[in-house]
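Whatever order the structure lists them in is the order used to number ligands and atoms, beginning at 1. The figures here come from the full heavy-atom set of this structure, side chains too, leaving out hydrogens, waters and symmetry mates.
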Amino acid sequence: MVKKKIVVVIGTRPDTIKMAPIILELKKHEDCFDVVTIATAQHRQMLDQVLEVFRITPSFDLDIMAPRQTLASITAKIIAGLDEIFITEKPDMVLVQGDTTTTCIGSLAAFYNKIPVGHIEAGLRTSDKANPFPEEINRRITGCITDLHFAPTQTAKMALLKENVDPKTIFVTGNTVIDALDYTVNQHHSFSEPVLNSIAERGGKIILVTMHRRENWGQPMIGACNAIKRLANKYPLIDFIFPVHLNPIVRDVVFPILSDLPNVTLIEPVDYLDFVNLMSKSYLILTDSGGVQEEGPRFGIPVLVLRSVTERPDAVDYGTAKLVGLDEEKIFSTAVQLIDHKIEYERMANATNPYGDGLSAQRTIKILKNFFGFSDEVVEEFIPQ
Ligand code: UD1
Ligand code: UDP
């Protein structure tokens, strides 16, 4: 049979981490697929960190990132850049991942060129168009266009069915974020960031923090940082490590509140290897990140989710995460309760990881092979164990 050309579109740190296992798995099936990777480079440094870890060299790089870019400006650059490449490359399918502007506009550019779309991590919904902003709408637009929906969980599948998506086009694969973790965790990891090695050597408790979401900019993020400051003062023997996102809007809030505390370490975004290994050594995670709240449960690390709603209810339902919102007092008191009460902490730490078993990319590629008629293998859905 003639090989099919699969174009994989990536652009930011999270979509690239989660797409990396798909790219690597596709490359194992070169008898069936030609793989073309397009990086929009909506992120630059944070994208390059991921590409380096997974040793992926994009076939095309639109290099669009600008400091303090707007949603409209990146939308315009991405659609023009992708359109040009799609016209010349003529892919048989475009794969996009998640909920970024790269994802949404990647699917739109494919639609304009009448190319089928596969959406990795399909079906995450909050039903609140302002939360997460603009990701909820990015997901809904991508979902309308998508031909093959790779849903990470049954919850995501149900959300798609509620929108009358054809059940024959939905496949529960688990989340490739867990596949990506399995490439990278190493018991004997030496951090490339020296300060992390000295903190790890001390062997004390680590609380890992990340924050960047647009809907949390301003007052909500200030409240969360104030809660972290109070926690750091209350627990001087705990190390708080916060790799601060490169967005200047985030940095303008975080540094003034947290930079002068002896047990708070503010560092630049660390590469994925360092981050994952840091996460595995952490005691507790406070985050508004999507990916991090999926990864924490894989290591049995309780996660406090700094959001008012979540499109990832599974972790909360399984008991590995708590949705604490952005209220300073609520964040502070929930963290204190976990730190001071072993039973509650252990309950969260021992809950089942609902997100994947490390085989999501394999399932996805089998489904693609079936779609294009290379095989007709029955692919079992992912079920959390
Ligand atoms: C984007 C995604 C968000 C995702 C997040 C992951 C959209 C709309 N948002 O948000 O869903 O959760 O990435 O981190 O797609 N910057 C750099 N270097 C980098 C990356 C960012 O300097 O490597 C700075 C730049 O000033 C840039 C700004 O951060 O203009 C914002 O980047 P952008 O991709 O627009 O938004 P994020 O908040 O990163
Ligand atoms: N991550 C990383 N370095 C960091 C912080 C996070 O490699 O300093 C990874 C993390 O393991 C996760 C992903 O980045 O896989 C999450 O990205 P982010 O929080 O930026 O985006 P979101 O998942 O919220 O869209």
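- Centroid-to-centroid, the aromatic rings of F240 and Y235 stay 6.0 Å apart or farther.
- Every protein residue with a heavy atom nearer than 4.0 Å to ligand 2 is included here: R13, P14, I17, H212, R213, P243, P269, V270, Y272, F275, S289, G290, G291, V292, E295.
- A salt bridge links E344 with K322: at least one charged nitrogen is closer than 4.0 Å to a carboxylate oxygen.
- Considering only residues two or more places apart in sequence or on other chains, R13 meets the side-chain hydrogen bond (donor to acceptor under 3.5 Å, both in side chains) condition with none of them.
- Looking at E268 and R251, a side-chain N of the basic residue comes within less than 4.0 Å of a carboxylate O on the acidic one, giving a salt bridge.
- Protein residues with any heavy atom under 4.0 Å from ligand 1: P14, Q42, H43, R44, Q45, M46, M65, A66, P67, R68, Q69, L71, D99, T100, T101, P134, E135, H212, R213, R214, H245, L246, N247, P248.
- Classification of R298 and E295 as a salt-bridged pair fails, no side-chain N sitting under 4.0 Å from a carboxylate O.
- Under the 4.5 Å side-chain criterion, counting only non-hydrogen atoms from C-beta, Q293 is in contact with T310.
- Partners of K3 under the side-chain hydrogen bond (donor to acceptor under 3.5 Å, both in side chains) rule, at least two apart in sequence or in another chain, are D34.
- R214 has its side chain within reach of P134: a pair of non-hydrogen atoms, C-beta onward, lies under 4.5 Å apart.
- A salt bridge does not link E163 to R140: none of the charged nitrogens lies less than 4.0 Å from a carboxylate oxygen.
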